[in-house]
2 protein chains.
Amino acid sequence: MAVRLDDMDRKILAELQVDAEQSLDEIARKVGSSKTPVWNRIRRMKEAGVITRQTAILDPEALGLEACFFVLIRTSEHEAEWQRKFLKALRERPEVLEAHRLAGDIDYILKVRVKNARAYDTFYQALISEVRIYNVTALLSMEEIKATTMLPV
Amino acid sequence: MAVRLDDMDRKILAELQVDAEQSLDEIARKVGSSKTPVWNRIRRMKEAGVITRQTAILDPEALGLEACFFVLIRTSEHEAEWQRKFLKALRERPEVLEAHRLAGDIDYILKVRVKNARAYDTFYQALISEVRIYNVTALLSMEEIKATTMLPV
DNA sequence: TCTGAAAGACATGTGAG
DNA sequence: CTCACATGTCTTTCAGA
C-alpha cells in the first residue's frame, strides 16, 4: 500500500494540503520545479490513491454547528448483525464526522457535530433507539484548540 | 457569526464538499443554475468565511501513517503559563491532527496520527517531557469506520 | 526525467435584460 | 439576480532533449 515518494512529491503534497487552489505555476515555483513535472507527479499520486480528493473546508461555526462532542461507546453486543446495523447507522448520519472501532475496554469513539446540546440529545436518542448500547460517555468540546486535515508528509 | 444561506447556497456547499475540483459549469448544472450566479455565491461565501479554504485530502495509509490514537488527558495544572506551553506544544506537533479542551473530568482530547505504536510512544514521551500531565489514556483505533470533512449543510 | 510550446478549457469580469 | 459573451489565465498534452 505504501507508495514510494521522493522529496519533491512530499513538497508538492505539503503545498496541496495548505492550499489546493494554487496554480501549477505557483506550486512549481515554490517547490523549485516547473509545470509539467509537477503536473505529472500530481497525476501519479492521484492514480496511486495518495491524493484521495480535493474538497472545500467549511467553517462549522459559520454554519451554525456550534457543538462538538466526542462520544465513547461501550457495548455488550459483539454479534455480526448488531455491528452491521450499528455501522450502518453511523455511516448514514451526517452529524457523525468520525467513527473508529477501538482496542481496549471502550469499543467505539465518535466525533459528532451538531447545532447545540439539544440537537446532540436528539441524535443520541435516535441512535440508542436504533441499536442497543451498553454505556455511553459524551465529552463536550469547549474549545477547538487545533483541527487540521494536514497530514505530516 | 452565522451567515444567512439559502437553499441554493447549501446545494453549492454540498457539491464543493464532495468535490472541489468540479468546474463551475458542472456545479451550476447539478444545482440547477448557471455559471455567474454560482460563481458570485461562492465568492460571497468565501468572503463571509463560510468556505475557509480548499485542500487536498490524502490517504494516511498510503503515506505510511497507519496508527491513529485518541488521547484523553487529565491535568492537575490549570495555570495560564502551563496552558500556554501545552497549547503551543500541541499546535507545533504535526502528528496532532485535532485537539479540544473539554468540559468535565477529562480536560483534553487529542487525535494523533503516526506511523506505528513506537512512533506514538516517541510522541508521548516528548509531550510529557515538555509539560506536566496528571493522567493520560490512549485509545488505539483498530478501524476507521468513517472519517469525513463534510459538514451537514 | 525535464523543458518549452501550443491547444483547448476554464474562471473571472462586464454589460445588458 | 440571471444570461451571454469577452478575455486572459490555467490545465493538459505533446514533441524533443
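A quick note: this is a predicted structure, and the numbers were derived from the prediction, not measured. Reminder, nothing fancy here: chain letters follow the sequence lines and each chain counts from 1.
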Length of the [atom1]-[atom2] vector between [X] and [N], whole Å:
X: E47(A); N: dT12(D); atom1: CD; atom2: P; answer: 12 Å
X: R44(A); N: dT13(D); atom1: CZ; atom2: P; answer: 15 Å
X: Q22(A); N: dT9(D); atom1: CD; atom2: P; answer: 18 Å
X: E26(B); N: dT11(D); atom1: CD; atom2: P; answer: 16 Å
X: I27(B); N: dA11(C); atom1: CD1; atom2: C1'; answer: 11 Å
X: N40(B); N: dT14(C); atom1: CG; atom2: P; answer: 11 Å
X: D25(A); N: dA6(C); atom1: CG; atom2: C1'; answer: 14 Å
X: I12(B); N: dC1(D); atom1: CD1; atom2: P; answer: 11 Å

Tell me whether the rings of F69(B) and Y120(B) are parallel (<30°), tilted (30 to 60°) or perpendicular (>60°). parallel

By the 4.0 Å heavy-atom rule, please label P37(B) as base, sugar-phosphate, or nothing. sugar-phosphate

Can you measure from CG (L24(B)) to OG (S34(B)) and round to the nearest 0.5 angstrom? 10.5 Å

Can you tell me which nucleotide in [options] comes closest to the side chain of [X]?
X: S34(B); options: dC3(D), dT1(C), dT2(D); value: dC3(D)
X: R41(A); options: dT3(C), dC1(D), dT1(C); value: dT1(C)
X: T36(A); options: dA6(C), dC14(D), dC2(C); value: dC14(D)
X: K35(A); options: dT12(D), dT1(C), dA11(C); value: dT12(D)

Is it true that atom NZ of K85(A) has more than 12 heavy atoms of other residues, nucleotides or ligands lying nearer than 6.0 Å?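 Count not over threshold, so no.
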
In terms of heavy-atom contacts, does NZ of K115(A) have more than 12 from other residues, nucleotides or ligands at under 6.0 Å?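 Result for NZ/K115(A): open.
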
Would you check if the distance from the ring center of H100(B) to the ring center of Y108(B) is below 6.0 Å? no

Between R43(A) and dT11(D), is there a side-chain N or O to OP1/OP2 distance below 4.0 Å? no

So does W39(A) get a side-chain nitrogen or oxygen closer than 4.0 Å to the phosphate oxygens (OP1/OP2) of dT11(D)?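 Indeed not, no polar side-chain atom of W39(A) lies that close.
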
Of V38(A) and L24(B), whose closest DNA chain C nucleotide lies nearer the 5' terminus? V38(A)

